[in-house]
Amino acid sequence: QMCIRDRYQRRVRVLAQTRTWGGVMKLLFLTCLLLSLAVFAQDGINTGEAFQALLFPGNGGVELGTGDNRTSLSSNLPLSFTFEGWFQLPSTAADGLYKSIVSRYDSGADGSYGNRYADFVLQVQASGSLSFFMGNGKNDSGYGLLITATQFRSSVWSHVAFTLNTPLGAVNPSVVQLYYDLVQWNATWSDGVRQIPSPSRGRNIFLGDYFNQDGNHLWWKGYMDEVRFWNGVRTQAQLAQFRQRVPAYNTPGLLAYYRFNDGTGLTLSDSTPNKYDGRLSRVTAFTSPPLWKVSGVKINVDVRVEPDTATTFFLPGFAPNGSLSFTYVIGDLPATGQLFSNGVRVNNSITPLLTNQVLYRASSSSGTTDSFTYFGTYNIFNPSAQEKTFTSVLVQVGDAPCIPDACGNCGGDNSTCTCYPLPYAGYNLGELEKIIALYELEQSYDLISALSHNLENSTLNATVKTALAYQPLIRQLQTFTQDCLEVLCDKLTSYLSSYVSVPLASSP
C-alpha cells in the first residue's frame, strides 16, 4: 500500500504533467479524494494510548460483572473508593433526559425502586448539570447526600471523578468530593443510612445505566473511555497525575481499570489482575449494546530509556482503518535527546514520518526527563485534516529520583508501611519514638473497641436488611486486622529489636 506521503508527491507530479482534459479530470478526482479524506480525518484519528471508546446509544449500558465473576467488583468495592473516567455528550446536555454515568442501586423490601435505595449515582441531569447523589432509605428526604455541580459541556471530552471518604468504623461517608476536569465540589452526609446492597442480592455496578422509581432506565447517551476504580480516596494531585497517563496495572490501590480497547464483542475487559470484567447489555427488542468507536481522549505516552543509549519504539495511534492508515508527524522536538526516523535524524518540527517507528537517542544524564510531541493526519497540507491536540511522549532517562514517603518507599503515598506511620526507619531511636509507638498502639486498640461496640449495638435489634448492610463494616474490620495490625506487629518487632541495641538519650 502506498503511504500517504507518496500520494502527496504523486499529486505534485500530476500537477506538472497535466496537459490534457483527461489529465485535468484525473487531477480533479484526486483532489476530491484528498478533500474527502480530510473531512473524514476530523473525527477519525486519535494518537496516544487511548485507542477506542464506547458510544452509548441511549438504550444500553455495561454491567460490571460477567459469568462466575459477575458480582466480584461490587462485592469487593471498599467503603472508601474513587471513581474516574472520560466522558463526552455529542449533543446538548440540557436535553430533558437524565443520563447516568455510573450507579449501584438496590430495591426496597417491597421490591420497589427509587432514589432513596440508590447507593450512589453519578449523572447528568435533564437540565444539563452534573450531579451525584446517595440514597438514605427514607421516604421523606430520600437523599443522604446530594451534589449539583456545573453544566456539562457538550461535544468535548471531559474528565469526571468522585471520591467517597468513609471513616474507619462507619458506614456513611463523612465527605464526598466531585471533580469535573479537576474542579472540585464537596458535600457531607446529611441524614439516614447509606444503602449498600446486600452481597446475597448480587447487585452489580453499572456504567451508563440506572433504574429509578419511575420504572425507567436512565441511560447514558454519549461516549465513555478510560474508567478506573481506586481503593481509598485519591487526592486532586493524584487524579491529575494519571489523568492523561496510563498507570501501571499493579499500581497500589488500582482496583479496576477499563481501557475500552476491546474493539469487538460484548465484554469490557478489566486490565488489572483482579479481572473484574464487564458485560455490554444483551441485545433485546428494546435495548442494544454500546458501539465501539475511535476514542477522542488524549492519553500521553510514557517511555523509559537508559542513559546514553538508542531505543526504538512505536508511536501509538488509531483510526477506523487501522493504526497505519494515516501519517504520523513529529510536532515538537526533544530538548535533550535526539530523534531518528528510518535512519535519518529529525531536525525540524512538523516532520512527517514514513512509519510510526522512531529511534530515540538519550543523553548521558541519568534521572532526567525529556519529551517530544507528535500527531496524526490524512493530509499534511490541510490543517483541518489534522488532530486538534498533539500527543506528548514523556521520556524518563534512567531511574527517576527517589522521593520517599513516610514509609521509605520511592514515590509512595504513605500507605504502604502500616495504617499508622511508625518511626521505625531513619530516626535516632529514643524515648520520643517509644511514646509515639505506644500512642499508636492505643489508637489501634480504641478503634477496634469502638468498632466492636458499634457492631454489637447496631445488630441487636436490626432488621435482616440492616444487618446485611453492616457486612461491609465487618469485612472492613477483618481487612484492618489482616492487612494492618499484622503488619504493624511485624514492624514493631523490628523496631523494638533495634531499639534495645540503642542507648536511651540522657536527660538534660
Side-chain angles (χ1 to χ4, degrees), residues 1-8 37 41 44-53 86 225-226 242 244-250 257 259-264 269 271 292-363 368-380 385-398 400:
Q1 182 181 358
M2 185 177 297
C3 71
I4 300 297
R5 186 177 182 182
D6 289 339
R7 293 180 186 174
Y8 304 148
L37 285 173
I45 299 174
N46 193 47
T47 57
E49 296 284 7
F51 298 156
Q52 294 176 288
W86 285 87
D225 197 8
E226 291 288 316
F242 290 119
Q244 291 185 275
R245 301 170 73 177
V246 177
Y249 301 144
N250 60 349
Y257 185 8
R259 299 292 314 276
F260 287 73
N261 289 337
D262 302 85
T264 60
S269 299
S271 298
W292 298 103
K293 298 291 184 179
V294 177
S295 179
V297 178
K298 186 58 62 178
I299 303 296
N300 296 315
V301 181
D302 282 283
V303 177
R304 185 191 178 279
V305 300
E306 292 296 332
D308 202 22
T309 60
T311 305
T312 299
F313 53 89
F314 291 92
L315 302 176
F318 195 74
N321 291 325
S323 60
L324 297 178
S325 61
F326 56 92
T327 299
Y328 291 77
V329 183
I330 296 299
D332 302 308
L333 297 175
T336 58
Q338 298 176 349
L339 206 59
F340 295 82
S341 175
N342 287 81
V344 179
R345 182 177 175 181
V346 180
N347 290 314
N348 301 307
S349 300
I350 316 301
T351 299
L353 308 178
L354 295 179
T355 69
N356 65 332
Q357 180 175 298
V358 296
L359 182 146
Y360 176 86
R361 185 176 297 279
S363 68
T368 61
T369 59
D370 196 8
S371 67
F372 64 92
T373 64
Y374 71 100
F375 63 94
T377 182
Y378 286 105
N379 185 344
I380 191 65
Q386 302 171 7
E387 279 189 288
K388 297 179 181 179
T389 306
F390 290 9
T391 296
S392 295
V393 179
L394 310 172
V395 183
Q396 175 64 51
V397 182

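Along the sequence shown, residues carry numbers from 1.
Side-chain contact check for P247 versus Y257: some heavy-atom pair is nearer than 4.5 Å. Side-chain contact between Y374 and T47 is present, with at least one heavy-atom pair separated by less than 4.5 Å. Y378 has its side chain out of reach of Q386: every pair of non-hydrogen atoms, C-beta onward, lies at least 4.5 Å apart. For the pair T355 and N342, the minimum side-chain heavy-atom distance is below 4.5 Å. Two residues are said to be in side-chain contact when any heavy atoms from C-beta on lie closer than 4.5 Å; Y249 and R259 meet this criterion. Side-chain contact between F318 and S295: absent, with no pair of heavy atoms (C-beta onward) separated by less than 4.5 Å. Here the side chains of W86 and K298 are not in contact, with every heavy-atom distance at 4.5 Å or above. A 4.5 Å side-chain heavy-atom check between L353 and V358 finds at least one atom pair inside the cut-off.
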Checklist entry - Is there a side chain to side chain contact (heavy atoms under 4.5 Å, CB included) between F375 and I350 once you walk through the steps? => result CA-CA 9 Å; F375 63 94; I350 316 301; 4.0 Å; yes
Item to check | side chain to side chain contact (heavy atoms under 4.5 Å, CB included) assessment of Y328 paired with T391 | outcome: CA-CA 11 Å; Y328 291 77; T391 296; over 6 Å; no
Next on the checklist: Please determine whether side chain to side chain contact (heavy atoms under 4.5 Å, CB included) holds for the pair Q52 and K293, giving the CA-CA distance in whole Å, both sets of side-chain angles, and the decisive distance to 0.1 Å.
Outcome noted: CA-CA 6 Å; Q52 294 176 288; K293 298 291 184 179; over 6 Å; no
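Applying the salt bridge (charged side-chain N to carboxylate O under 4.0 Å, His left out) definition to pairs two or more places apart or across chains, those involving residues 306-321 are R304-E306.
Among all heavy-atom pairs drawn from V297 and N46, the shortest one is O-ND2, 3.0 Å. The shortest non-hydrogen separation linking N261 to E49 is ND2-O, 4.0 Å. V305 and A362 make their closest contact through CG2-CB, 3.8 Å (heavy atoms, listed as atom of the first residue, atom of the second, distance). Of all heavy-atom pairs spanning A50 and D225, the tightest one is CB-OD2, 3.8 Å. Minimum heavy-atom separation, V294 to G44: CG1-O, 4.0 Å.
Remark: T327 OG1 to I380 CD1 distance equals 7.0 Å, nearest 0.5 Å. To the nearest 0.5 Å, atoms CG (D262) and CH2 (W292) are separated by 4.0 Å. Put simply, CD1 on I45 and CG on N321 are 10.0 Å apart, with the number rounded to the nearest 0.5 Å. Summarising the geometry, atom CG belonging to N379 is positioned 14.5 Å from atom CZ belonging to F326; distances are rounded to the nearest 0.5 Å. Taking CZ from R345 and CG from L359, the interatomic distance works out to 12.0 Å, rounded to the nearest 0.5 Å. Separation of atoms NZ (K388) and CZ (F390) is listed at 14.0 Å; rounding is to 0.5 Å.
Between the side chain of D370 and the backbone N or O of T336, at least one donor-acceptor pair lies under 3.5 Å. No donor-acceptor pair under 3.5 Å is formed between the side chain of D302 and the backbone N or O of V246. S269 places no side-chain N or O within donor-acceptor distance of the main-chain N or O of S271, the cut-off being under 3.5 Å. Without hydrogens or angle criteria, S392 side chain to L394 main chain gives no donor-acceptor distance under 3.5 Å.
Screening D332, V303, N300 for a side-chain contact (heavy atoms from CB on, under 4.5 Å) with V393, the sole residue that qualifies is V303.
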